[in-house]
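Because the structure is predicted, anything quoted here is derived from the model rather than measured. Each chain gets a letter, A, B and so on, in the order the sequences are listed, and its residues count up from 1.
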Amino acid sequence: MTVQDNPLQNFNISAFQNDLLTWYYTNKRDLPWRQDQDPYKVWVSEIMLQQTKVDTVIPYFNNFIEKFPTVYDLAAAEEQAVLKAWEGLGYYSRARNLQHAVREVVENYGGTVPDDPKQLEGLKGIGSYTKGAILSIAYNQPEPAVDGNVMRVFSRVLNIDDDIALPKTKKLFESVTGEVISHEDPSSFNQAIMDLGATICTPKSPACLVCPVQEHCEAFKLGIEQQLPIKTKAKKNKKMPYAVLLLRNEEGKVAIEQRPEEGLLANLWQFPMVPLQELEMELLENWFYAHYGVRVKLGKKQGEFKHVFSHLTWELGIYPAVLMEQAEQVTSLTFVDEAELGNYPFPVSHQKMMQFL
DNA sequence: AACGCGGGGCG
DNA sequence: CGCCCAGCGTT
(Lines give C-alpha, C1' and ligand atoms only; values in the text may rest on other atoms or scores of the structure.)
Protein backbone atom coordinates (compact mmCIF):
# COMPACT_ATOMS: atom_id res chain seq x y z
CA MET A 1 0.00 0.00 0.00
CA THR A 2 1.76 3.11 -1.14
CA VAL A 3 -0.60 5.81 -2.32
CA GLN A 4 -2.71 6.18 0.78
CA ASP A 5 -2.95 4.77 4.26
CA ASN A 6 -6.59 3.78 4.05
CA PRO A 7 -7.13 1.56 1.02
CA LEU A 8 -10.91 1.95 1.34
CA GLN A 9 -10.89 5.72 1.02
CA ASN A 10 -13.20 6.75 -1.83
CA PHE A 11 -14.34 3.13 -2.21
CA ASN A 12 -18.09 2.61 -2.51
CA ILE A 13 -18.62 -0.47 -0.40
CA SER A 14 -22.34 -0.94 -0.86
CA ALA A 15 -22.19 -0.45 -4.63
CA PHE A 16 -19.37 -2.99 -4.81
CA GLN A 17 -21.33 -5.51 -2.72
CA ASN A 18 -24.37 -4.96 -4.89
CA ASP A 19 -22.59 -5.47 -8.21
CA LEU A 20 -20.68 -8.48 -6.93
CA LEU A 21 -23.68 -10.23 -5.39
CA THR A 22 -25.98 -9.52 -8.33
CA TRP A 23 -23.41 -11.17 -10.60
CA TYR A 24 -22.96 -14.09 -8.21
CA TYR A 25 -26.66 -14.88 -7.83
CA THR A 26 -27.00 -15.56 -11.55
CA ASN A 27 -23.50 -16.87 -12.32
CA LYS A 28 -22.43 -18.95 -9.34
CA ARG A 29 -20.89 -22.30 -10.13
CA ASP A 30 -22.90 -25.41 -9.39
CA LEU A 31 -20.58 -27.27 -7.01
CA PRO A 32 -21.35 -30.40 -4.99
CA TRP A 33 -20.57 -28.71 -1.66
CA ARG A 34 -23.02 -25.95 -2.45
CA GLN A 35 -26.08 -28.22 -2.42
CA ASP A 36 -26.65 -27.44 1.24
CA GLN A 37 -24.94 -25.61 4.09
CA ASP A 38 -24.01 -28.70 6.10
CA PRO A 39 -21.04 -27.42 8.14
CA TYR A 40 -19.30 -30.79 7.89
CA LYS A 41 -19.46 -30.79 4.10
CA VAL A 42 -18.35 -27.18 3.98
CA TRP A 43 -15.45 -28.13 6.22
CA VAL A 44 -14.41 -31.13 4.11
CA SER A 45 -14.60 -29.10 0.92
CA GLU A 46 -12.54 -26.25 2.35
CA ILE A 47 -9.79 -28.59 3.50
CA MET A 48 -9.69 -30.31 0.12
CA LEU A 49 -9.61 -26.97 -1.67
CA GLN A 50 -6.49 -25.78 0.14
CA GLN A 51 -3.91 -25.25 -2.59
CA THR A 52 -6.01 -27.44 -4.86
CA LYS A 53 -8.19 -26.54 -7.84
CA VAL A 54 -11.95 -27.05 -7.89
CA ASP A 55 -11.91 -29.47 -10.83
CA THR A 56 -9.44 -31.70 -9.00
CA VAL A 57 -11.45 -31.68 -5.78
CA ILE A 58 -14.93 -32.49 -7.13
CA PRO A 59 -14.55 -36.29 -7.60
CA TYR A 60 -12.62 -36.61 -4.34
CA PHE A 61 -15.30 -34.70 -2.46
CA ASN A 62 -18.12 -36.83 -3.84
CA ASN A 63 -16.33 -40.07 -3.03
CA PHE A 64 -15.29 -38.86 0.42
CA ILE A 65 -18.81 -37.81 1.42
CA GLU A 66 -20.19 -41.07 0.08
CA LYS A 67 -17.74 -43.02 2.25
CA PHE A 68 -17.91 -40.70 5.27
CA PRO A 69 -21.30 -38.92 5.15
CA THR A 70 -21.15 -37.51 8.69
CA VAL A 71 -18.63 -36.58 11.35
CA TYR A 72 -19.47 -39.85 13.09
CA ASP A 73 -18.54 -41.94 10.05
CA LEU A 74 -15.26 -40.12 9.61
CA ALA A 75 -14.46 -40.28 13.32
CA ALA A 76 -15.01 -44.04 13.36
CA ALA A 77 -13.01 -44.78 10.20
CA GLU A 78 -9.57 -46.36 9.99
CA GLU A 79 -6.87 -43.81 9.19
CA GLN A 80 -5.74 -45.97 6.28
CA ALA A 81 -9.23 -45.80 4.80
CA VAL A 82 -9.17 -42.01 5.07
CA LEU A 83 -5.75 -41.84 3.41
CA LYS A 84 -7.00 -44.19 0.71
CA ALA A 85 -9.84 -41.76 -0.02
CA TRP A 86 -7.27 -38.96 -0.16
CA GLU A 87 -4.86 -40.92 -2.40
CA GLY A 88 -3.59 -38.71 -5.23
CA LEU A 89 -4.92 -35.46 -3.77
CA GLY A 90 -1.68 -34.48 -2.06
CA TYR A 91 -0.87 -32.73 1.21
CA TYR A 92 -1.85 -35.85 3.10
CA SER A 93 -1.53 -34.26 6.54
CA ARG A 94 -4.78 -32.48 5.65
CA ALA A 95 -6.59 -35.82 5.77
CA ARG A 96 -5.07 -36.90 9.04
CA ASN A 97 -5.62 -33.51 10.67
CA LEU A 98 -9.22 -33.48 9.44
CA GLN A 99 -9.98 -36.83 10.99
CA HIS A 100 -8.20 -35.83 14.20
CA ALA A 101 -10.31 -32.67 14.41
CA VAL A 102 -13.54 -34.47 13.56
CA ARG A 103 -12.91 -36.90 16.40
CA GLU A 104 -12.47 -33.89 18.67
CA VAL A 105 -15.78 -32.47 17.48
CA VAL A 106 -17.52 -35.76 18.27
CA GLU A 107 -15.95 -35.99 21.71
CA ASN A 108 -16.00 -32.38 22.82
CA TYR A 109 -18.82 -30.73 20.89
CA GLY A 110 -21.43 -33.48 20.67
CA GLY A 111 -20.81 -33.97 16.97
CA THR A 112 -21.74 -30.40 16.03
CA VAL A 113 -19.16 -28.37 14.12
CA PRO A 114 -18.53 -25.30 16.32
CA ASP A 115 -19.83 -21.90 15.19
CA ASP A 116 -17.37 -20.13 17.47
CA PRO A 117 -14.15 -18.67 16.02
CA LYS A 118 -11.94 -19.65 18.94
CA GLN A 119 -13.23 -23.21 19.09
CA LEU A 120 -12.88 -23.59 15.32
CA GLU A 121 -9.34 -22.31 15.16
CA GLY A 122 -8.41 -24.68 17.97
CA LEU A 123 -9.12 -27.62 15.69
CA LYS A 124 -6.23 -29.19 13.80
CA GLY A 125 -6.04 -28.12 10.19
CA ILE A 126 -8.31 -25.09 10.62
CA GLY A 127 -6.44 -21.82 10.26
CA SER A 128 -7.65 -18.29 9.73
CA TYR A 129 -8.94 -18.89 6.21
CA THR A 130 -10.84 -22.13 6.86
CA LYS A 131 -12.26 -20.71 10.07
CA GLY A 132 -13.69 -17.76 8.17
CA ALA A 133 -14.97 -19.95 5.36
CA ILE A 134 -16.89 -22.23 7.73
CA LEU A 135 -18.28 -19.35 9.79
CA SER A 136 -19.45 -17.43 6.75
CA ILE A 137 -20.54 -20.18 4.37
CA ALA A 138 -22.10 -22.59 6.88
CA TYR A 139 -23.16 -20.21 9.63
CA ASN A 140 -23.70 -16.97 7.72
CA GLN A 141 -21.42 -14.92 9.95
CA PRO A 142 -19.72 -11.82 8.42
CA GLU A 143 -16.20 -13.17 8.89
CA PRO A 144 -13.43 -12.63 6.32
CA ALA A 145 -12.01 -15.73 4.63
CA VAL A 146 -8.82 -14.53 3.00
CA ASP A 147 -7.12 -16.85 0.53
CA GLY A 148 -5.16 -16.32 -2.64
CA ASN A 149 -8.29 -15.34 -4.58
CA VAL A 150 -9.30 -12.67 -2.09
CA MET A 151 -5.82 -11.16 -2.01
CA ARG A 152 -5.61 -11.16 -5.81
CA VAL A 153 -9.03 -9.58 -6.29
CA PHE A 154 -8.63 -6.89 -3.65
CA SER A 155 -5.02 -6.14 -4.51
CA ARG A 156 -6.33 -5.20 -7.95
CA VAL A 157 -9.58 -3.55 -6.97
CA LEU A 158 -7.87 -1.39 -4.34
CA ASN A 159 -4.43 -1.23 -5.96
CA ILE A 160 -2.60 -2.70 -2.99
CA ASP A 161 0.98 -3.57 -3.90
CA ASP A 162 2.13 -5.14 -0.64
CA ASP A 163 3.82 -8.55 -0.96
CA ILE A 164 1.05 -11.11 -0.49
CA ALA A 165 3.62 -13.71 0.55
CA LEU A 166 4.06 -11.87 3.85
CA PRO A 167 1.86 -12.75 6.86
CA LYS A 168 1.32 -9.08 7.73
CA THR A 169 -0.14 -8.48 4.27
CA LYS A 170 -2.68 -11.22 4.82
CA LYS A 171 -3.71 -9.45 8.01
CA LEU A 172 -4.18 -6.26 6.03
CA PHE A 173 -6.50 -8.05 3.62
CA GLU A 174 -8.42 -9.62 6.51
CA SER A 175 -8.97 -6.16 7.91
CA VAL A 176 -10.07 -4.81 4.52
CA THR A 177 -12.36 -7.75 3.79
CA GLY A 178 -13.91 -7.45 7.25
CA GLU A 179 -15.03 -3.95 6.31
CA VAL A 180 -16.21 -4.74 2.78
CA ILE A 181 -18.04 -8.01 3.44
CA SER A 182 -21.81 -7.96 3.10
CA HIS A 183 -23.68 -8.33 6.38
CA GLU A 184 -26.86 -9.22 4.50
CA ASP A 185 -25.32 -12.27 2.84
CA PRO A 186 -21.77 -12.92 4.03
CA SER A 187 -21.89 -16.51 2.78
CA SER A 188 -22.53 -15.45 -0.80
CA PHE A 189 -20.10 -12.55 -0.56
CA ASN A 190 -17.12 -14.73 0.30
CA GLN A 191 -18.03 -17.35 -2.26
CA ALA A 192 -18.59 -14.65 -4.86
CA ILE A 193 -15.06 -13.32 -4.41
CA MET A 194 -13.73 -16.86 -4.86
CA ASP A 195 -15.79 -17.45 -8.01
CA LEU A 196 -14.69 -14.09 -9.35
CA GLY A 197 -11.05 -14.92 -8.66
CA ALA A 198 -11.35 -18.36 -10.22
CA THR A 199 -13.24 -17.42 -13.38
CA ILE A 200 -12.65 -13.71 -14.13
CA CYS A 201 -10.01 -12.10 -11.95
CA THR A 202 -7.55 -14.88 -12.78
CA PRO A 203 -3.79 -14.70 -12.14
CA LYS A 204 -2.87 -14.38 -15.81
CA SER A 205 -4.88 -12.41 -18.39
CA PRO A 206 -7.91 -11.55 -16.24
CA ALA A 207 -11.19 -11.02 -18.12
CA CYS A 208 -11.64 -7.41 -17.05
CA LEU A 209 -13.96 -6.61 -19.96
CA VAL A 210 -16.68 -8.84 -18.52
CA CYS A 211 -15.91 -8.20 -14.85
CA PRO A 212 -18.96 -7.26 -12.77
CA VAL A 213 -16.87 -4.98 -10.55
CA GLN A 214 -14.77 -3.42 -13.29
CA GLU A 215 -15.97 0.08 -12.47
CA HIS A 216 -14.74 -0.37 -8.90
CA CYS A 217 -11.29 -1.60 -9.91
CA GLU A 218 -8.39 0.76 -9.43
CA ALA A 219 -5.91 -1.53 -11.21
CA PHE A 220 -8.11 -1.72 -14.32
CA LYS A 221 -8.47 2.04 -14.31
CA LEU A 222 -4.67 2.33 -14.31
CA GLY A 223 -4.13 -0.60 -16.67
CA ILE A 224 -1.92 -2.41 -14.18
CA GLU A 225 -4.07 -5.45 -13.39
CA GLN A 226 -1.40 -7.74 -14.86
CA GLN A 227 1.22 -6.46 -12.42
CA LEU A 228 -0.86 -7.33 -9.36
CA PRO A 229 -0.70 -8.93 -6.92
CA ILE A 230 2.93 -8.58 -5.91
CA LYS A 231 4.27 -11.90 -4.74
CA THR A 232 7.89 -12.72 -3.92
CA LYS A 233 9.34 -15.93 -2.67
CA ALA A 234 10.75 -18.46 -5.06
CA LYS A 235 12.00 -21.74 -3.70
CA LYS A 236 14.71 -23.78 -5.27
CA ASN A 237 13.94 -27.37 -6.07
CA LYS A 238 16.46 -29.92 -4.88
CA LYS A 239 17.16 -33.09 -6.87
CA MET A 240 17.04 -36.39 -4.98
CA PRO A 241 18.20 -39.54 -6.81
CA TYR A 242 16.81 -42.90 -5.67
CA ALA A 243 16.77 -46.52 -6.74
CA VAL A 244 13.32 -48.04 -6.37
CA LEU A 245 13.27 -51.79 -5.88
CA LEU A 246 10.48 -53.95 -7.22
CA LEU A 247 11.46 -56.74 -4.89
CA ARG A 248 9.81 -60.15 -4.95
CA ASN A 249 10.15 -63.02 -2.53
CA GLU A 250 10.16 -66.71 -3.38
CA GLU A 251 6.35 -66.71 -3.55
CA GLY A 252 6.32 -63.86 -6.03
CA LYS A 253 4.93 -61.37 -3.52
CA VAL A 254 6.08 -57.78 -3.74
CA ALA A 255 7.83 -55.79 -0.99
CA ILE A 256 6.26 -52.55 0.22
CA GLU A 257 6.78 -50.44 3.33
CA GLN A 258 4.96 -47.71 5.18
CA ARG A 259 6.60 -44.30 5.27
CA PRO A 260 7.25 -42.57 8.62
CA GLU A 261 4.36 -40.88 10.40
CA GLU A 262 5.99 -37.48 10.02
CA GLY A 263 7.24 -35.58 7.00
CA LEU A 264 6.81 -36.11 3.29
CA LEU A 265 3.94 -38.44 2.32
CA ALA A 266 3.53 -39.42 5.96
CA ASN A 267 2.06 -42.87 6.61
CA LEU A 268 1.63 -43.63 2.92
CA TRP A 269 3.01 -46.82 1.40
CA GLN A 270 5.74 -47.26 -1.18
CA PHE A 271 8.12 -49.69 -2.78
CA PRO A 272 11.47 -49.60 -0.96
CA MET A 273 13.68 -46.72 -2.09
CA VAL A 274 17.45 -46.47 -1.71
CA PRO A 275 18.92 -42.94 -1.68
CA LEU A 276 21.77 -42.68 -4.18
CA GLN A 277 23.06 -39.27 -3.11
CA GLU A 278 26.46 -40.55 -1.96
CA LEU A 279 26.22 -44.22 -2.72
CA GLU A 280 27.91 -46.25 -5.42
CA MET A 281 25.58 -48.57 -7.24
CA GLU A 282 27.77 -51.56 -6.27
CA LEU A 283 27.16 -50.79 -2.61
CA LEU A 284 23.42 -50.64 -3.03
CA GLU A 285 22.84 -54.23 -2.06
CA ASN A 286 24.97 -53.76 1.06
CA TRP A 287 23.05 -50.62 2.00
CA PHE A 288 19.83 -52.54 1.57
CA TYR A 289 21.00 -55.32 3.88
CA ALA A 290 22.14 -52.86 6.54
CA HIS A 291 18.85 -51.03 6.35
CA TYR A 292 16.30 -53.82 5.87
CA GLY A 293 18.13 -56.92 7.14
CA VAL A 294 17.65 -58.98 3.99
CA ARG A 295 19.99 -59.87 1.12
CA VAL A 296 18.75 -58.94 -2.34
CA LYS A 297 19.99 -59.32 -5.91
CA LEU A 298 19.26 -56.50 -8.33
CA GLY A 299 18.44 -56.96 -11.99
CA LYS A 300 18.87 -54.51 -14.86
CA LYS A 301 17.29 -51.09 -14.63
CA GLN A 302 13.76 -51.25 -16.06
CA GLY A 303 13.13 -47.56 -16.41
CA GLU A 304 13.52 -44.14 -14.86
CA PHE A 305 11.49 -41.00 -14.39
CA LYS A 306 11.29 -37.81 -12.39
CA HIS A 307 8.59 -36.90 -9.93
CA VAL A 308 8.37 -33.20 -9.08
CA PHE A 309 7.15 -31.95 -5.71
CA SER A 310 6.82 -28.28 -4.90
CA HIS A 311 10.13 -28.23 -3.02
CA LEU A 312 12.12 -31.20 -4.41
CA THR A 313 12.40 -33.62 -7.30
CA TRP A 314 12.76 -37.36 -7.04
CA GLU A 315 14.88 -38.91 -9.80
CA LEU A 316 13.80 -42.51 -9.73
CA GLY A 317 15.55 -45.50 -11.29
CA ILE A 318 13.48 -48.68 -11.23
CA TYR A 319 15.14 -52.05 -10.58
CA PRO A 320 13.69 -55.53 -10.33
CA ALA A 321 15.12 -57.49 -7.42
CA VAL A 322 14.80 -60.88 -5.75
CA LEU A 323 15.41 -62.08 -2.22
CA MET A 324 18.61 -64.12 -1.82
CA GLU A 325 17.36 -65.99 1.22
CA GLN A 326 14.17 -67.25 2.79
CA ALA A 327 12.78 -64.13 4.34
CA GLU A 328 12.27 -65.14 7.91
CA GLN A 329 14.47 -62.21 8.87
CA VAL A 330 13.31 -59.21 10.84
CA THR A 331 12.51 -56.51 8.33
CA SER A 332 10.27 -53.49 8.05
CA LEU A 333 9.16 -54.72 4.64
CA THR A 334 5.70 -56.15 4.00
CA PHE A 335 5.23 -58.71 1.22
CA VAL A 336 1.88 -58.61 -0.53
CA ASP A 337 0.21 -60.04 -3.60
CA GLU A 338 0.07 -57.68 -6.55
CA ALA A 339 -3.72 -57.80 -6.34
CA GLU A 340 -3.59 -56.42 -2.78
CA LEU A 341 -1.65 -53.29 -3.70
CA GLY A 342 -4.89 -51.43 -4.30
CA ASN A 343 -5.77 -51.74 -0.62
CA TYR A 344 -2.91 -49.46 0.43
CA PRO A 345 -2.63 -45.69 -0.09
CA PHE A 346 0.30 -44.95 -2.41
CA PRO A 347 1.64 -41.59 -3.56
CA VAL A 348 1.18 -40.96 -7.28
CA SER A 349 4.89 -41.48 -7.93
CA HIS A 350 4.66 -45.06 -6.67
CA GLN A 351 1.37 -45.75 -8.39
CA LYS A 352 3.36 -45.14 -11.56
CA MET A 353 5.80 -47.89 -10.56
CA MET A 354 3.10 -50.50 -10.73
CA GLN A 355 3.21 -50.58 -14.53
CA PHE A 356 6.72 -52.03 -14.24
CA LEU A 357 5.57 -55.00 -12.18
C1' DA B 1 9.29 -14.96 9.25
C1' DA B 2 10.73 -19.09 6.90
C1' DC B 3 10.06 -23.59 5.59
C1' DG B 4 7.95 -28.24 4.65
C1' DC B 5 4.16 -30.24 2.60
C1' DG B 6 1.49 -33.00 -3.42
C1' DG B 7 -0.12 -32.95 -7.51
C1' DG B 8 -2.02 -31.19 -11.74
C1' DG B 9 -2.54 -27.75 -15.31
C1' DC B 10 -1.16 -23.96 -17.98
C1' DG B 11 1.58 -20.54 -20.84
C1' DC C 1 10.15 -25.48 -17.17
C1' DG C 2 8.36 -22.27 -13.70
C1' DC C 3 4.26 -20.61 -11.66
C1' DC C 4 -0.15 -21.06 -9.51
C1' DC C 5 -3.78 -23.09 -6.93
C1' DA C 6 -10.44 -22.08 -1.69
C1' DG C 7 -3.41 -22.81 3.45
C1' DC C 8 -1.71 -24.84 7.68
C1' DG C 9 1.60 -26.52 11.22
C1' DT C 10 6.07 -26.23 13.00
C1' DT C 11 10.10 -23.95 14.33
Salt bridge or not between E338(A) and R248(A)? Use side-chain N to carboxylate O under 4.0 Å.
yes
Using a 4.0 Å heavy-atom cut-off across all strands, classify R152(A) as base, sugar-phosphate, or nothing.
sugar-phosphate
Could E174(A) and K171(A) be called an ion pair, given the rule that one side-chain N must be under 4.0 Å from one carboxylate O?
no
Check every strand shown and say whether T52(A) touches a base, only sugar-phosphate, or nothing at a heavy-atom separation below 4.0 Å.
base
Could you give the NZ-to-C1' distance, from K238(A) to dC5(B), as a whole number of Å?
16 Å
Between dG6(B) and dT10(C), how far apart are the two P atoms, rounded to whole Å?
14 Å
Starting at the 5' end of DNA chain C and moving along, which residue's nearest nucleotide shows up first, K204(A) or S310(A)?
K204(A)
Q258(A) side-chain N/O to N267(A) backbone N/O, donor-acceptor pair under 3.5 Å
yes
Touch class at under 4.0 angstrom, heavy-atom based, for I137(A) against every strand present:
nothing
Using whole Å, what does the distance between atom P of nucleotide dG7(C) and atom CD of E46(A) come to?
9 Å
What I want to find out is whether E121(A) reaches K118(A) closely enough, with some N-O distance under 4.0 Å, to be called a salt bridge.
no
Nearest-angstrom distance from the residue atom CG of L83(A) to P of dG7(B)
12 Å
Which part of the nucleic acid, if any, lies within reach of F309(A) when heavy atoms closer than 4.0 Å are counted: base, sugar-phosphate only, or nothing?
sugar-phosphate
Pick base, sugar-phosphate or nothing for W33(A), based on heavy-atom distances below 4.0 Å to the nucleic acid.
base
Nucleotide nearest P167(A) when distance is taken to its side chain, options dA1(B), dG8(B), dG9(C)
dA1(B)
Look at the rings of H291(A) and W287(A) and say which category their plane angle falls in: under 30° parallel, 30 to 60° tilted, over 60° perpendicular.
parallel
Rounding to an integer number of Å, can you tell me how far R96(A) CZ sits from dC8(C) P?
18 Å
Residues D19(A), T22(A); criterion side chain to side chain donor-acceptor pair (under 3.5 Å); working and verdict
CA-CA 5 Å; D19(A) 290 338; T22(A) 299; 5.6 Å; no
Using a cut-off of 4.0 Å on non-hydrogen atoms, how would the nucleic acid contact of T56(A) be classed: base, sugar-phosphate, or nothing?
nothing
Using atom P of each nucleotide, how far apart are dG4(B) and dA6(C) to the nearest Å?
23 Å
Does dG4(B) have OP1 or OP2 sitting under 4.0 Å from an N or O in the side chain of H311(A)?
no
Mind checking if T130(A) touches a base, just sugar-phosphate, or nothing, with heavy atoms under 4.0 Å?
sugar-phosphate
Phosphate contact (dA6(C) OP1 or OP2) by Q50(A) side-chain N/O below 4.0 Å:
no
Measure CH2/W43(A) against C1'/dG7(C) and give the value in whole Å, please.
16 Å
Residue-phosphate contact under 4.0 Å: K170(A) side-chain N/O, dC8(C) OP1/OP2:
yes
Contact class for R34(A) vs. all strands (heavy atom < 4.0 Å): base, sugar-phosphate, or nothing?
base
Rounded to whole angstroms, how far apart are CD on E143(A) and C1' on dA6(C)?
17 Å
K171(A) atom NZ is separated from dG7(C) atom P, nearest whole Å, by 17 Å
Which whole-number value in Å describes the distance from Y129(A) OH to dC5(C) P?
13 Å
Regarding the side chain of Y91(A), the nearest nucleotide among dC5(B), dC5(C), dA6(C) is dC5(B)
Of the candidate nucleotides dG6(B), dC4(C), dA1(B), which contains the atom at the shortest distance from the side chain of L264(A)?
dG6(B)
Mind checking if S128(A) touches a base, just sugar-phosphate, or nothing, with heavy atoms under 4.0 Å?
sugar-phosphate
When all nucleic acid strands are considered with a 4.0 Å heavy-atom cut-off, which category describes L265(A): base, sugar-phosphate, or nothing?
sugar-phosphate
Across the strands shown, which category fits G197(A) at heavy-atom distances under 4.0 angstrom: base, sugar-phosphate, nothing?
nothing
If you look at every strand shown and take non-hydrogen atoms under 4.0 Å, does K131(A) touch a base, only sugar-phosphate, or nothing?
nothing
For Y92(A) and dG7(B), is the shortest distance between a side-chain N/O and OP1 or OP2 below 4.0 Å?
yes
I'd like to check L357(A) versus L341(A) (side-chain heavy atoms, cut-off strictly below 4.5 Å). Are they in contact?
yes
Provide the distance between the two P atoms, one in dC1(C) and one in dC5(B), to the nearest whole Å.
22 Å
Would the base of dA6(C) count as contacting R94(A) through its side chain, where contact means a donor and an acceptor less than 3.5 Å apart?
no
Of K168(A) and V308(A), the one whose closest DNA chain B nucleotide lies more 5':
K168(A)
Whether R34(A) and D195(A) form a salt bridge (side-chain N of Lys/Arg under 4.0 Å from carboxylate O of Asp/Glu) is what I want to check.
yes
Which is true for V57(A) with a 4.0 Å heavy-atom rule: it touches a base, it touches only sugar-phosphate, or it touches nothing?
nothing
